[in-house]
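To start, the structure itself, in structure tokens.
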There are 2 protein chains.
Amino acid sequence: MFNKETEYALRGLVYVQIQQMKGLKPGIAEIATEIDAPLFYTGKIMQRLVKMGFLMSTKGKGGGFYFDLTRPDLPLKAVIRAIEGAKAYSGCGFGLKSCSEDLHCSLHDQYAPIRDSINNLVSTNTVQSLARDYQKGDDILLRRR
Amino acid sequence: MFNKETEYALRGLVYVQIQQMKGLKPGIAEIATEIDAPLFYTGKIMQRLVKMGFLMSTKGKGGGFYFDLTRPDLPLKAVIRAIEGAKAYSGCGFGLKSCSEDLHCSLHDQYAPIRDSINNLVSTNTVQSLARDYQKGDDILLRRR
DNA sequence: TTATTAAAAGACAAAAAGGTCTTTTAATAT
DNA sequence: ATATTAAAAGACCTTTTTGTCTTTTAATAA
Ligand code: FES
Ligand code: FES
């Protein structure tokens, strides 16, 4: 569904949020292990997320990643847009240059609603809501097993 | 939605089918132009489709690509599976290793139905059905404009 | 203030995707 | 037969994605 970088970013963010709800501040090594992503690649991605302003970090002893709790919940879509670009999940499913209600391809009537559902999914779900779901036990997996 | 190769392959196949319904047998240059894909890449992809048995071709004067009309309609899914692999549109949307009803991620309940819709879309639509829709004028685009 | 810790920065590289071009083979027309 | 046409085969290249590793910077603790 998403590319690897987006996948790791989302899993990483949700993991940080889960730990933060327990009063912890995980570091790169812990995050990479828990979300089952490559260590150094995870580091690079977390850095990018900090630079983009999605989360914060501190160096040195006791350092790690954490969220600014004064900021509103972070929809998955914001992260996807930042990593994959604004056009992700917006164009024609068939690859045509334009896609509109009145001029469209043969897949449009079936595909457009699906695309809308995906956009709705990533807009309504946030890093925080997924972390809460996880804690409630509604979902069982974070780490890949 | 699909990768470029799949996109070009599907557009190319539908174009061949549309032309075949008019009694024509298009060549690589024509196909590439009409589906707005790179000339040589299109050639390579059409060749692969022939080798995979999805369509036929003849060399030389009057040569080009065409379908064996004795074979059943070709679902998009068959082409996608051949190009992108069997796992396309089957795994966890979050990238987790397993995905099942009883052990799943927080996105599963929302994502699984979407994934099902995509699989239904590519299973029920065929190269031939899309070509017929195009000819009926239900869809307006094939070439990207 | 020094050692230690952990993120930041950035160089480097492997693999996959996407694309280009030339040569060879086979079909047809003359 | 020969020339012409068009696909097949395959070498080669570029870009993007994914991943690795070392060096630097900043924070903390002793
Ligand atoms: S035009 Fe193809 S999905 Fe809208
Ligand atoms: S477990 Fe994630 S979509 Fe099914």
Side-chain angles (χ1 to χ4, degrees), chain A residues 1-13 15-16 19-20 24-67 80 82-85 87-88 95 144, chain B residues 1-13 15-16 19-20 24-67 80 82-85 87-88 95 144:
Chain A
M1 171 157 213
F2 310 118
N3 64 30
K4 291 290 178 195
E5 181 173 351
T6 306
E7 253 184 29
Y8 299 155
L10 292 176
R11 295 217 298 268
L13 289 167
Y15 181 76
V16 170
Q19 294 311 107
Q20 184 158 351
L24 302 172
K25 200 194 312 180
I28 289 167
E30 177 184 341
I31 296 169
T33 301
E34 291 303 316
I35 69 171
D36 192 33
L39 175 60
F40 293 110
Y41 198 26
T42 303
K44 176 180 287 187
I45 291 168
M46 297 308 289
Q47 278 175 226
R48 285 175 187 164
L49 291 169
V50 169
K51 208 181 291 183
M52 291 175 191
F54 290 124
L55 84 168
M56 332 245 310
S57 65
T58 49
K59 293 178 172 183
K61 233 165 203 163
F65 297 87
Y66 61 99
F67 287 95
I80 294 163
I83 296 178
E84 303 189 4
K87 286 157 295 175
R144 304 164 108 205
Chain B
M1 170 157 214
F2 310 118
N3 63 30
K4 291 290 178 193
E5 182 173 350
T6 306
E7 253 184 29
Y8 299 155
L10 292 177
R11 295 217 298 269
L13 289 168
Y15 181 76
V16 169
Q19 293 312 107
Q20 183 158 353
L24 302 171
K25 200 192 312 176
I28 289 167
E30 176 185 340
I31 296 169
T33 300
E34 292 302 317
I35 69 171
D36 193 31
L39 175 60
F40 293 111
Y41 198 26
T42 302
K44 178 181 283 185
I45 292 168
M46 297 307 291
Q47 275 175 229
R48 285 176 187 164
L49 292 170
V50 169
K51 208 182 291 184
M52 291 174 190
F54 290 125
L55 84 168
M56 334 243 311
S57 65
T58 49
K59 292 178 173 181
K61 234 164 203 166
F65 297 87
Y66 62 98
F67 288 94
I80 294 162
I83 296 178
E84 303 189 4
K87 286 158 295 177
R144 304 163 107 204

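Quick note on labels: first sequence line is chain A, next is B, and so on, each numbered from 1.
- In this structure, B/G63 and A/F65 both approach DNA chain C, and ranking their closest nucleotides by distance from the 5' end singles out A/F65.
- In this structure, A/D36 atom CG and D/dG19 atom C1' are separated by 14 Å, rounded to whole Å.
- Residues B/A37 and B/T42 approach most closely at CB-OG1, 3.3 Å, considering heavy atoms.
- Contacts between residues 48-60 of chain B and DNA chain D, defined by a heavy-atom separation under 4.0 Å, are made by B/V50, B/K51, B/S57, B/T58, B/K59, B/G60.
- Considering every non-hydrogen atom in both B/M46 and B/I31, the closest pair reads CE-CD1, 3.9 Å.
- The heavy-atom pair separating A/A29 from A/L39 by the smallest distance is CA-CD1, 3.7 Å.
- Both A/T6 and A/G62 lie close to DNA chain D; mapped to their nearest nucleotides by heavy-atom distance, the more 5′-ward contact belongs to A/T6.
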- Candidate pair B/Y15 and B/Q19, rule side chain to side chain contact (heavy atoms under 4.5 Å, CB included), full reasoning: CA-CA 6 Å; B/Y15 181 76; B/Q19 293 312 107; 3.4 Å; yes
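- When the C1' atoms of four end pairs are superposed on the next four at each end of the helix from C/dT1-D/dA30 to C/dT30-D/dA1, using five pairs per end, the two resulting axes differ in direction by 0°, to 10°.
- Note on B/G64: only backbone sugar-phosphate atoms sit closer than 4.0 angstrom, heavy atoms only; bases stay farther off.
- Minimum interatomic distance between B/M56 and B/F67 (heavy atoms only, all atoms of both residues): CG-C, 4.3 Å.
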- Task: Take B/F65 and B/Q20, measure what side chain to side chain contact (heavy atoms under 4.5 Å, CB included) needs, and give me the verdict at the end.
- Result: CA-CA 9 Å; B/F65 297 87; B/Q20 183 158 353; over 6 Å; no
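- Taken to the nearest 0.5 Å, the CD1 atom of A/I83 stands 7.5 Å off from the CZ atom of A/F54.
- For DNA chain C, the contact window with chain A, defined by any atom under 4.0 Å from a protein heavy atom, covers C/dT5 to C/dA11 in 5' to 3' order.
- If you measure from atom NZ of B/K44 to atom C1' of D/dT14, you get 12 Å, rounded to the nearest angstrom.
- In this structure, A/E5 and B/K25 both approach DNA chain D, and ranking their closest nucleotides by distance from the 5' end singles out B/K25.
- Each of A/G43 and A/K61 has a nearest nucleotide on DNA chain C; the 5'-most of these lies closest to A/K61.
- Heavy atoms only, all atoms of each residue included: A/A82 and A/M52 are closest at CB-SD, 3.7 Å.
- A donor-acceptor pair under 3.5 Å is formed between the side chain of B/E84 and the backbone N or O of B/N3.
- Rounded to whole Å, atom P of D/dG19 lies 16 Å from atom CD1 of A/I28.
- The two residues A/I35 and A/Y8 have their closest heavy-atom pair at CD1-O, 3.6 Å.
- The one candidate from A/L55, A/T58, A/L24 that meets the side chain to side chain contact (heavy atoms under 4.5 Å, CB included) condition with A/Y66 is A/T58.
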